[in-house]
Amino acid sequence: MSAQNALAQRKAPTRRSRWWGELGWKYPVAAVIIFYSVFPLVYVLSAALSDSGTLSSGAALFSDISFANFAALGDTSYWSWVANTLIVGGASSFGAVIMGAAAAYAFSRFRFTGRRPGLTSLLIIQMFPQTVAFIAVFLLLTALGNVAPALGINSKIALICVYLGGALGANTFLMYGFFNSIPVEIDEAAKIDGATHSQIYWQLIMPLVTPILAVVGLLAFISAFGDFILARIVLVSEDQWTLAVGMYQWVSNQLTSNWGLFAAGAVIAAIPVLVLFLSLQRFIVGGLSSGSVKG
Amino acid sequence: MTVETGAPRQERDLRESHARGWRGVGWGFVAKLLMMALVNALGLSIIFAALNVEAWGILVASTALLIAADVIYFMRRTLPLKYIFPGLVFLLVFQVFVLGYTGYVAFTNYGTGHAGSMQQAVDAALIQDEQRVEDSPTYPLAVVDNGDEIGFAINADGEVSVGTETQPLEPVGGAVVDDAGTPVEVEGWEIVPRSALFTDQDLQNQVVALRVPVSDDAESGSIRTRDGSSGAIYNSTLEWDPDARTLTDTETGTVYEATDTGNFVAADGSSLPAGWVVTVGFDNFVDAVTDTALSGPLLKVTLWTFAFAILTVLTSFGLGLLFAIIYNDPRIRARRSLRTLFILPYAFPAFMSALLWRGMFNREFGIINDWFFFGADINWLGDPLLAKVVILWVNLWLSYPYWFLVCTGALQALPSETMEAARIDGAGRWRQFRSITLPLLMVSTAPLAIASFAFNFNNFTIIYMLTEGGPPFPGTSGLGSSDILISAIYSISGVDGGVANYGLASALSIVVFIVVGIISAIAFRQTRKLEEIQ
């Protein structure tokens, strides 16, 4: 009896320590990681809800809750920046999807002379990032602006065009692979049934490839949303800025007094992105591992 | 471009696209006609505008693209191009051309003091040298504004003329002048009241700097004003001799000769500020290495660029992999929620994270100093070493979730039989990791790591948003110790104001392209994407 008791006593702590050694320690470590990853986000939320708009008042989290900073956004150009960002991001992601899908379809379905060299040169061109050529972009838009002001410096259309220029190379391959996974027999059956080329493309293929269209559109939107260098060069006047340019300006000029505005603006802009990202996590991770990288 | 689809010829002819004729409903044809009409209208308007401002390059390019569009969409045998063309246009103009143009600019002296052609430089020299013409009459003058730009309205012996910087003086009918002869009402223009000139410093500077050409000929001088109420003709004492390619100062007799380097230089070595663009060969590349004010900082910047990109990938990959291994354990409860919390930084837009951390690392008010260092006065962003540490720290925060996601996915895809076999053979946990898990994992993640390296090599946003490249190096280079190559290029280029040196900046861009190209070539071999195409 006593021997059994002693055995049980010895066994219990070993089981517990084994649990700690194998599994238990992972929970405190997770708490540390979560603190590292979430703390800045909690802090920005607290600063957005704080009563004062300055950086110096960040003494305690959520010491006061007020929506003054959010209300104050109305007196700034913030909402026109949001509109600009949505216009630029929306138009460039829509254009990227339409153009990329069409090109990927052609490369995937047709056999024509110059197909393979075409694909190879696309692959090579897309290796050279457009952002590094920003000086030439600037000079090109300056020249175009003399001809057509809508395509010149300080025009959102010009910025959209620049983004679309970089879209084909990066997106065609993502889509090309997906198009290849749709059996050609579908096209052939439709052709026998009397469908024309455009009917096959718009009514058969496009609905089948919707998932990849969504991923490419989202990635294009996120990259337009986060782009700073091109947007900063192209968009000159304050009412044309995107969020990245405008909020940079807030923080770089008088960081201390614009802090509340920045925090409120960041919360408003980030929450839709966060929600979208978390709900589409699966697809984005797939898209990421097939080539596009953020950091 | 010939189409070789499987369908036999007769069948294709029978089944013509509904965008080619009225067969069927006909909507496709109408839509196509409307689209093409729109494209042609746009194209033609650009062509005519280019003709107007004599932009020959744009004229040739837009004409070629428009003809190509018409040929492709109205010909029968160009089906694949019909799909590829729209994207191709943007790719050619905004990526291929831009890359090529970077290459061209890298071999020129394009920048402040060297812009445009020699003729433009002559005009600029004539303008810069302007002095008031002796004995020229003064005209009553009013500053006018049409919403876009300001101009002058002058009263020359009863005739009112209006002009702006770009539009030489032209008489306007129906203007009203007051007793002193000053125009007070001009059709299509709003008179700027003189009181506004006194209160608005910006406007005042604009008015004083404004010169309205008397005629299209730069040598006939221009109207300028000192006080906003009277104007006089100013003219240059320089005289341009296009045959000898010299500018002669008629007062001093100095002769400025055009040189191969794009400047007007006098015999005594003095030169005029206005120059033009010439190709300078490899001078820019040589300058970057030999110019003592620049080469030292540039070398440091280059080393830091590599260090930054490599360290970022190593730290974030390492941390992400570590967490992925730790939390890839099915026995852990609430794994999904943990994962979501871990990756939150990745879902937060990167530029805002950088700005957020910039505030948190603020020396005086930032909460990092306040909370974690007991209010110590640590100058995070102003110290050369600490600024780099902060950048790596923030980029780690931003990127480890990506690697966590990628590695979790890769770990779950590992073959469980191999792991089991290793365990049975008595391999320890470390041995399993080093000999099996890691090599298998690297197969799928190494290409991503290379891509991530290339991305961070040009990660302008994080550097500029956090430190703007600072703290600056001593000297006049304008570069700072946390600058990476692309942010250094940005500050050298001067697109943001200040002295511009497009030539040198483009030369550095070419260097970046070469590095990125080499990295991508390595990535190529890794992913063997090329094989996939074939």
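Chain A is the first sequence line, chain B the second, and so forth, proteins listed ahead of strands; every chain is numbered from 1. Computed over heavy atoms, backbone and side chain alike; hydrogens, waters and symmetry mates excluded. All of these numbers come straight from a predicted model, not from anything done at the bench.
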Option that, when pairs with chain A are counted at under 4.5 Å, heavy atom only, ranks first among [options]:
| options | result |
| --- | --- |
| B:L99, B:T445, B:I332 | B:I332 |
| B:I326, B:V512, B:V53 | B:I326 |
| B:Y104, B:F372, B:F453 | B:F372 |
| B:I84, B:L356, B:I462 | B:L356 |
| B:Y400, B:W397, B:F460 | B:W397 |

With a 6.0 Å cut-off (strictly less than), is the heavy-atom count around CZ of B:F48, excluding the residue itself, greater than 12?
no
With a 6.0 Å cut-off (strictly less than), is the heavy-atom count around CZ of B:R331, excluding the residue itself, greater than 12?
yes
Spatial distance of atom [atom1] ([X]) from atom [atom2] ([Y]) [nearest 0.5 Å]:
| X | Y | atom1 | atom2 | answer |
| --- | --- | --- | --- | --- |
| B:F90 | A:L168 | CZ | CG | 10.5 Å |
| A:I124 | B:S520 | CD1 | OG | 10.5 Å |
| A:L140 | B:Y101 | CG | OH | 8.5 Å |
| B:F404 | A:I33 | CZ | CD1 | 7.5 Å |
| B:L91 | A:I125 | CG | CD1 | 5.0 Å |
| A:T131 | B:I486 | OG1 | CD1 | 4.5 Å |

[X] versus chain B, the contacting section by heavy-atom distance below 4.5 Å:
| X | result |
| --- | --- |
| A:A96 | neither |
| A:I229 | both |
| A:Y163 | neither |
| A:V275 | neither |
| A:L151 | side chain |
| A:L122 | side chain |

Would B:T102 and A:I135 satisfy side-chain contact (heavy atoms from CB on, under 4.5 Å), going step by step from the backbone distance to the final call?
CA-CA 7 Å; B:T102 306; A:I135 300 158; over 6 Å; no
Do [X] and [Y] have side chains that approach each other closer than 4.5 Å (heavy atoms only, starting at C-beta)?
| X | Y | answer |
| --- | --- | --- |
| A:F35 | B:L341 | no |
| B:V516 | A:V132 | no |
| A:F112 | B:L81 | no |
| A:S37 | B:L344 | no |
| A:V147 | B:N52 | no |
| B:M360 | A:F39 | yes |
| B:L79 | A:F110 | yes |
| A:F134 | B:V98 | no |

Measure across [X] and [Y] and return the closest heavy-atom pair with its distance rounded to 0.1 Å.
| X | Y | result |
| --- | --- | --- |
| B:I58 | A:A143 | CD1-O, 3.7 Å |
| A:A30 | B:L338 | CB-CD2, 4.0 Å |
| B:M465 | A:A244 | CE-O, 3.9 Å |

Would you call the rings of B:Y502 and A:F138 parallel, tilted or perpendicular if under 30° counts as parallel and over 60° as perpendicular?
tilted
Would you call the rings of B:F513 and A:F128 parallel, tilted or perpendicular, where under 30° means parallel and over 60° means perpendicular?
perpendicular
Do B:R358 and A:Y248 have side-chain atoms, one donor and one acceptor, less than 3.5 Å apart?
no
Any chance you could lay out the side-chain contact (heavy atoms from CB on, under 4.5 Å) test for B:F351 and A:L243, step after step, and finish with the verdict?
CA-CA 10 Å; B:F351 74 89; A:L243 275 174; 4.3 Å; yes
When you measure from the side chain of A:Q130 to the backbone of B:F94, do you find a donor-acceptor pair of N or O atoms at a distance under 3.5 Å?
yes
Are any side-chain N or O atoms of B:Y327 and backbone N or O atoms of A:K26, one a donor and one an acceptor, separated by less than 3.5 Å?
yes
With only heavy atoms counted, which part of B:E468 is less than 4.5 Å from chain A, the side chain, the backbone, both or neither?
side chain
Is B:A55 close to chain A through its backbone or its side chain, or both, or neither, when contacts mean heavy atoms under 4.5 Å?
side chain
Apply side-chain contact (heavy atoms from CB on, under 4.5 Å) to A:Y201 and B:Y83, showing your working.
CA-CA 10 Å; A:Y201 179 66; B:Y83 284 94; 3.6 Å; yes
By side-chain hydrogen bond (donor to acceptor under 3.5 Å, both in side chains), which residues pair with A:D187, not counting sequence neighbours?
A:R109
Residue pairs meeting salt bridge (Lys or Arg N to Asp or Glu O under 4.0 Å), one or both in residues 340-353 of chain B, sequence neighbours left out, come to none
What about the rings of A:Y36 and B:W393, do their centers lie closer together than 6.0 Å?
yes
